[in-house]
Amino acid sequence: MKIGVAAIAGGWDSGLTTVLDVLRTAEAARERVDRNIPAISVRTIAADAEPIPTQGGLLVPVDFTFDDAAMDDLDILVVPALGANSPPGVIDALMRPDVARLRTRLRDWADEGRQLAAACTGTLLLAEAGILNGRSATTSWWLATEFQRRYPRVDLDMTRMVVQDGHITTAGAAFAHIDLAITLVGRASPQLADFTAATLLIDQRPARSIESALGYLASVDRLVTDFETWARLHLAEPISIADGAAAIGTTRRTLERRVRQQLGITPNALVQQMRAERARHLQRTTQLTLTKIAPMVGYQSTAALRNALNATENRENA
């Protein structure tokens, strides 16, 4: 999973660095959880190649610009918060030439049906580009009134911290950048997202900040992560969803409902996805042929494995 994070001049330091820290922590933890989970790479992008100054004066190195051909290799483009703390300030920022260039790039990206994500004031960039028209989205609480006035065609949902509508994901106020980044990690693996969250946020010492920081953890479904953990241990075997449900102490019906709610796919599709991930990993890291790999990931024939790989690739590109 290749993720580009827009570095916007004068943007909030915490918004940009939080997204980068969460994604890089997830990648560092990936081999500890399961090296077959797709790798997570993150790159900073900007209007120009020169380092970008944040609101607090940090200089952010730029990996490539909006016009670079390397943009085509990205799977997801993330827009963190602009450096403004009032509605008029946000609107002024939207009119800047560098932000207008990013807005144009976002519109082109959306027209291609590619994945976009934004948090806090960054959500207004998507709305200003018309990308959120006819979609559900959220934003920072203090922007809600201005957002509704300026973008009446957007279905603003202020009841959730993260809202996903098709290939567009939006998140709320500044520290919702954590929620947004964890959500993106969850697309690679709920198990990895859970591990990353625990690594970054959970402390045995009491602290009032923990109460707010754990808000997003309510969305982490332990049944889904437990099933993923169990399934990864049995990929070479015939997998029964009913057996998997029983192994983690639930019913098949409950498991199917919870996996659909969190991932938008069935448990069987999740197993197929994990098998495809492991097969691709073995192709990249060994000299084994597909004939040898097939039984190692639960398929009786090379043809069945090829069909599964094609089906998974088509679903990922849909």
Side-chain angles (χ1 to χ4, degrees), residues 1 22 26 29-30 32-34 36-38 115 117 136 138 155 157-172 176 178-202 210-279 297-299 304 307-308 311-312 314-316 318:
M1 186 164 65
V22 171
R30 185 173 57 86
R32 294 176 61 188
V33 176
D34 188 328
N36 298 291
I37 295 170
Q115 293 188 56
S136 295
T138 192
D155 179 14
D157 182 354
M158 297 303 293
T159 67
R160 291 183 286 166
M161 187 66 78
V162 177
V163 173
Q164 183 171 343
D165 189 328
H167 60 282
I168 310 296
T169 306
T170 51
I178 296 176
D179 304 68
L180 180 64
I182 290 290
T183 298
L184 298 181
V185 174
R187 294 181 187 175
S189 164
Q191 183 186 12
L192 180 59
D194 189 36
F195 185 89
T196 303
T199 300
L200 290 172
L201 290 177
I202 294 179
I210 295 297
E211 297 173 9
S212 58
L214 292 181
Y216 82 93
L217 281 174
S219 66
V220 176
D221 194 316
R222 294 289 177 177
L223 278 183
V224 177
T225 58
D226 287 349
F227 175 69
E228 181 189 356
T229 301
W230 177 86
R232 287 187 183 278
L233 295 174
H234 297 83
L235 289 183
E237 310 163 17
I239 287 182
S240 161
I241 302 304
D243 288 347
I248 61 173
T250 189
T251 65
R252 175 171 183 159
R253 184 173 181 178
T254 298
L255 177 62
E256 289 181 339
R257 174 172 53 82
R258 301 271 278 271
V259 171
R260 281 186 179 278
Q261 285 175 343
Q262 181 154 342
L263 303 179
I265 58 177
T266 66
N268 276 318
L270 177 58
V271 170
Q272 185 182 58
Q273 177 179 306
M274 288 188 285
R275 282 176 163 155
E277 289 169 5
R278 181 160 296 178
V297 294
Y299 291 102
N307 289 338
T312 303
N314 291 336
R315 186 162 55 245
E316 290 171 350

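Keep in mind that what you see is a predicted model, and the values were worked out from it rather than measured.
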S.K.: Hey, does the side chain of Asp165 reach the backbone of Ser136 with a donor-acceptor pair shorter than 3.5 angstrom?
M.R.: yes
S.K.: So do Gln164 and Arg187 actually touch side chain to side chain, heavy atoms under 4.5 Å?
M.R.: yes
S.K.: At what distance, to the nearest 0.5 angstrom, does CD1 of Ile178 lie from OG1 of Thr183?
M.R.: 11.5 Å
S.K.: Does a side-chain heavy-atom distance below 4.5 Å link Phe227 with Thr250?
M.R.: no
S.K.: How far apart are the closest heavy atoms of Leu255 and Leu223, and which atoms are they?
M.R.: CD1-O, 4.2 Å
S.K.: Could you check whether Arg32 makes a cation-pi contact with Phe195, meaning its NZ or CZ is under 6.0 Å from the centre of the six-membered ring and within 45° of the ring axis?
M.R.: no
S.K.: Looking only at non-hydrogen atoms, find the nearest pair between Val185 and Ala26 and report the distance.
M.R.: CG2-CB, 3.7 Å
S.K.: How close do Met158 and Thr138 get, heavy atom to heavy atom, and via which atoms?
M.R.: SD-OG1, 3.7 Å
S.K.: How many angstroms lie between atom OG1 of Thr169 and atom CG of Asp179, to the nearest 0.5 angstrom?
M.R.: 12.0 Å
S.K.: Could you measure the distance from the CE atom of Met161 to the OG1 atom of Thr170? Nearest 0.5 Å is fine.
M.R.: 11.5 Å
S.K.: Any side-chain heavy atom of Val297 sitting closer than 4.5 Å to one from Arg278?
M.R.: yes
S.K.: Looking at every non-hydrogen atom in both residues, tell me the closest pair between Gln273 and Ala188 and how far apart they are.
M.R.: NE2-O, 4.4 Å
S.K.: How far does CD1 of Ile241 sit from CG of Asn268, to the nearest 0.5 angstrom?
M.R.: 4.0 Å
S.K.: Main chain of Val224, side chain of Arg258: is a donor-acceptor contact present, judged purely on distance under 3.5 Å?
M.R.: no
S.K.: Where is the tightest heavy-atom contact between Ala171 and Ala176, given as atom of each residue plus distance?
M.R.: CB-O, 3.8 Å
S.K.: Going from CG on Leu192 to CD1 on Ile182, what distance comes out if it is rounded to the nearest 0.5 angstrom?
M.R.: 8.5 Å
S.K.: Would you call Arg260 and Glu256 a salt bridge, taking side-chain N to carboxylate O under 4.0 Å as the test?
M.R.: no
S.K.: I need the single residue from Thr229, Asp226, Thr225 that forms a side chain to side chain contact (heavy atoms under 4.5 Å, CB included) with Ile248. Which is it?
M.R.: Asp226
S.K.: Ignoring hydrogens and angles, tell me if any N or O in the side chain of Glu228 forms a donor-acceptor pair with the backbone of Gln191 under 3.5 Å.
M.R.: yes
S.K.: Could you check whether any side-chain heavy atom of Arg232 comes within less than 4.5 Å of a side-chain heavy atom of Ile37, counting everything from C-beta outward?
M.R.: yes
S.K.: Could you pull out the closest heavy-atom pair between Ala247 and Trp230, with the gap in Å?
M.R.: CB-NE1, 3.5 Å
S.K.: Please round to the nearest 0.5 Å and tell me the distance separating atom CD1 of Ile239 and atom CG of Leu270.
M.R.: 9.5 Å
